[in-house]
Amino acid sequence: MATTWECSRCTLIHGEYGVPYAVKACQVCGTPRVGSSEKSSLDSADEIQFVRTVSRSSSSSSSASKRKRDSDQELSSSKKPMHAKNCSNEPQRKSDLPNLSPKQFYITSRPQTADNVTRTSLQHILRLNTIVESVHFNFEYDLEFMMSQYPRAAQSLPCLIIHGYPSHSPQEQILQAQTEGLHCDCKKNMRFYSVFEKLQPFGSQHTKMMLLFCTKGLRIVISTANMVREQWSDKVTNGVWVSPLFPPTKPSPAYSCKAGFGRDLLEFLEEFVHSGQKGSVMRDVVKKVTSYDMSKCPVTLIGSVPGRHYAESKKKWGHMKLRRLVPRCGSSRDIVFGQMSSISSMGTSKIPGTNQRDCAWLKTNLLRSLRGGVESSLKSFKLIFPSVEDVRNGYFGYASGGYIPHSADHASSQMALQSIAHRWKASWCNRTDALPHMKSYGRWDPESKALRWFLLTSCNLSQAAWGTEQNSGKSLFIRSFELGVLLLPNNDTTLLPSQFTNTSAIDKTIHIPVPYELPLTPYSPEDEMWVWDKQYEKPDKYGRFGLER
């Protein structure tokens, strides 16, 4: 049974974020609901879903208006419902995705939008090569959307879905039930694999990765986007790294995976393997990956895997691996920054005589690693997180904050973060109203404008994601699966944010599409960090005063 429907004109999604499902016309533009009267027996106009995704409407800003016009042109070309799109006979064709360096990445967007940042879409990625089998790792799935982005010829091919729900749980059953809504042969070869048993309490399978096995090689995609429609559009800002096409190895299947990217990937995948018969599915995946040559891939994976890690294993995961690889930051000029879409507890210890947490974990663990092992005060860290005004003026008003979880309890007990917080501003690429689900960290030299390094990752500001040193630094405890791509310059190249493409730069400059503006914009005294479980005094453009749960 369908739970949402999308307006064919303005793309408002009914049934999500407080937009009524059981109505006969769009609640924004009045366009009649086409071909959907028989899809649901719901008779209440108050049927509401909140947490997963966001609706879309027109915006007063010029950038939003432009993206809306592009979207209108795209959707007006076809009035077919989703199931018809799934079953189309369109041929598998190559995408016009730009040929970037492996040290670059993309920003998610619809193919029709145009701005001055390198973009891609899920559909583009899935049309780069002829796919024969795929493996998806993600936190959240909309399988109907995902399969609709595949070429028709690839929709019925083997597809493995990796998730973090308990086996046979209601959550897994709901996920598997999504296949009933697929109107093509794709569900026939779709399998599900739970890694719940590998997680620590309060941990999650948060990795967002695709393994695309193609006729001529293997392509790996690492992103910050959940596998849902809105997070692969221009409504939300996400980052996507797309690997070169790794060719099959010839003499020895293992030689390309003894070091570098290939070794890191295999070690990460092996952590997903269960013991016994249940693990045979992932063992087969690992075996297939070993037969491709990844020796020339110039980036490094930064992964987190659940468990308590000691000795050399401690240096392989989480923020401790980052500490080992990034250069030491002894310069007071350089800016060390972190941008995320969620903030959790920074520790339980409190400042004496107050109810404020001292953020000890952030200072002694993560920040020290971001600075290459150099200890520093909290003020040396620049935190990029949407303010209440950023969210209120976002594409969907306060509803944009539904994918930016930050509780009032954490905010009120960690006021030290407010003093280092910076606004989400991305006007240089027309994405200020497209609030981030992206997570990124780096170090920037404001004089040369160059990045010392940049990390695109699934890790939010969380101990569960990055890990916590324990036993006087002898072990690292991690709760979740996470994965990111570390971009480092070498002696011949410079990493330069795309914002500064007009700046005269040395040869072999690699432009990195950092969407937020540098230098950063600190919070004003009137600004406050967004929290999603609070009502506000000012309404957004839809008349809401917060998330209407």
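In this chain, numbering begins with 1 at the start of the sequence shown.
- Taking the charged nitrogens against the carboxylate oxygens, Asp390 and Arg431 have no contact shorter than 4.0 Å, which rules out a salt bridge.
- Judged purely by atom type and a 3.5 angstrom limit, Gln499 uses its side chain to pair as donor or acceptor with the backbone of Leu518.
- With hydrogens and angles left out, the side-chain atoms of Ser233 and Gln231 include no donor and acceptor closer than 3.5 Å.
- At distances below 3.5 Å, not a single donor-acceptor pair connects side-chain atoms of Ser480 with backbone N or O atoms of Glu482.
- Between the side chain of Trp444 and the main chain of Val336, no donor-acceptor pair closer than 3.5 Å is present.
- Between the side chain of Lys439 and the backbone N or O of His437 there is at least one donor-acceptor pair closer than 3.5 Å.
- In this structure, Asp527 contributes its side chain and Ser524 its backbone to a donor-acceptor pair below 3.5 Å.
- Of the possible polar contacts, none joining the Tyr141 side chain to the Gln178 backbone as a donor-acceptor pair under 3.5 Å is found.
- Put simply, the side chain of Leu520 does not reach to within 4.5 Å of the side chain of Lys425, judged on heavy atoms.
- No salt bridge links Glu537 with Arg392; every basic N to acidic carboxylate O contact stays at or beyond 4.0 Å.
- Heavy-atom minimum distance, Leu487 versus Lys103: CD1-O, 3.2 Å.
- For Phe545, the CZ atom sits in a packed shell: over 12 heavy atoms of surrounding residues, nucleotides or ligands are nearer than 6.0 Å.
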Candidate pair Glu144 and Arg229, rule salt bridge (Lys or Arg N to Asp or Glu O under 4.0 Å), full reasoning: CA-CA 9 Å; Glu144 185 177 21; Arg229 178 185 300 274; over 6 Å; no
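- A donor atom on one side chain and an acceptor atom on the other are not found under 3.5 Å apart for Gln123 and Ser121.
- Formation of a donor-acceptor pair under 3.5 Å by the Gln155 side chain with backbone atoms of Met147 is found in this model.
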Stepwise side chain to side chain contact (heavy atoms under 4.5 Å, CB included) test for Phe137 and Gln205: CA-CA 8 Å; Phe137 300 72; Gln205 196 307 98; 4.1 Å; yes
Chi angles and distances behind the ring pair (Phe, Tyr, Trp, His ring centres under 6.0 Å) call for His406, Phe385: CA-CA 10 Å; His406 181 214; Phe385 192 79; 5.2 Å; yes
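- Side chains of Thr521 and Tyr516: no donor on one and acceptor on the other come within 3.5 Å.
- No side-chain donor-acceptor contact under 3.5 Å links Ser243 and Arg219.
- Side-chain contact between Val531 and Tyr536: present, with at least one pair of heavy atoms (C-beta onward) separated by less than 4.5 Å.
- Ring geometry for His319 against Trp361 counts as perpendicular: the plane angle is over 60°, on a 0 to 90° scale with 30° as the lower cut.
- Taking the centre of each ring, Tyr441 and Trp466 come in below the 6.0 Å mark.
- The two atoms that bring Asn238 and Met438 nearest to each other are OD1-N, 3.5 Å, heavy atoms only.
- In this structure, the side chain of Asn129 does not engage the main chain of Cys214 through any donor-acceptor pair within 3.5 Å.
- Arg452 and Asp445 are joined by a salt bridge, as a carboxylate oxygen and a charged side-chain nitrogen come within less than 4.0 angstrom of each other.
- For the residue pair Lys208 and Thr224, no side-chain donor N or O sits within less than 3.5 Å of a side-chain acceptor on the partner.
- Checked against ring pair (Phe, Tyr, Trp, His ring centres under 6.0 Å), Tyr523 has no partners two or more places apart in sequence or in another chain.
- Between Ser376 and Leu367, the closest heavy-atom pair is O-CD2, 4.2 Å.
- Aromatic ring centroids of Phe272 and Phe481 lie under 6.0 Å apart.
- Without hydrogens or angle criteria, Gln414 side chain to Met346 main chain gives a donor-acceptor distance under 3.5 Å.
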Verdict with reasoning, Leu265 to Leu301, per side chain to side chain contact (heavy atoms under 4.5 Å, CB included): CA-CA 7 Å; Leu265 179 63; Leu301 292 180; 3.8 Å; yes
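- Nearest heavy atoms, Ser341 versus Asn460: N-OD1, 3.0 Å.
- Of all heavy-atom pairs spanning Leu547 and Ala399, the tightest one is CD2-CA, 3.7 Å.
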Test side chain to side chain contact (heavy atoms under 4.5 Å, CB included) applied to Ile125 and Thr120, step by step: CA-CA 7 Å; Ile125 292 169; Thr120 190; 3.7 Å; yes
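- Between Leu362 and Leu378, the closest side-chain pair of non-hydrogen atoms falls below 4.5 Å.
- The closest donor-acceptor contact from the side chain of Ser134 to the backbone of Leu212 lies at 3.5 Å or more, if one exists at all.
- For the 3.5 Å distance criterion, the side chains of Thr300 and Asp264 fail to qualify, holding no donor opposite an acceptor.
- To the nearest 0.5 Å, the span separating OG1 on Thr207 from CD1 on Ile222 amounts to 9.0 Å.
- Here the closest heavy-atom approach between residue Trp453 and residue Pro327 is recorded as CD1-CD, 3.9 Å.
- The ring of Phe381 has its center no closer than 6.0 angstrom to the ring center of Phe337.
- Here Arg423 contributes atom CZ and Glu389 contributes atom CD; the two are 7.0 Å apart, rounded to the nearest 0.5 Å.
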Audit row: Trp424, Leu435, side chain to side chain contact (heavy atoms under 4.5 Å, CB included) steps and yes/no: CA-CA 8 Å; Trp424 170 261; Leu435 294 177; 3.6 Å; yes
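- Taking the six-membered ring for Trp and the full ring otherwise, Phe261 and Phe246 have centroids separated by under 6.0 Å.
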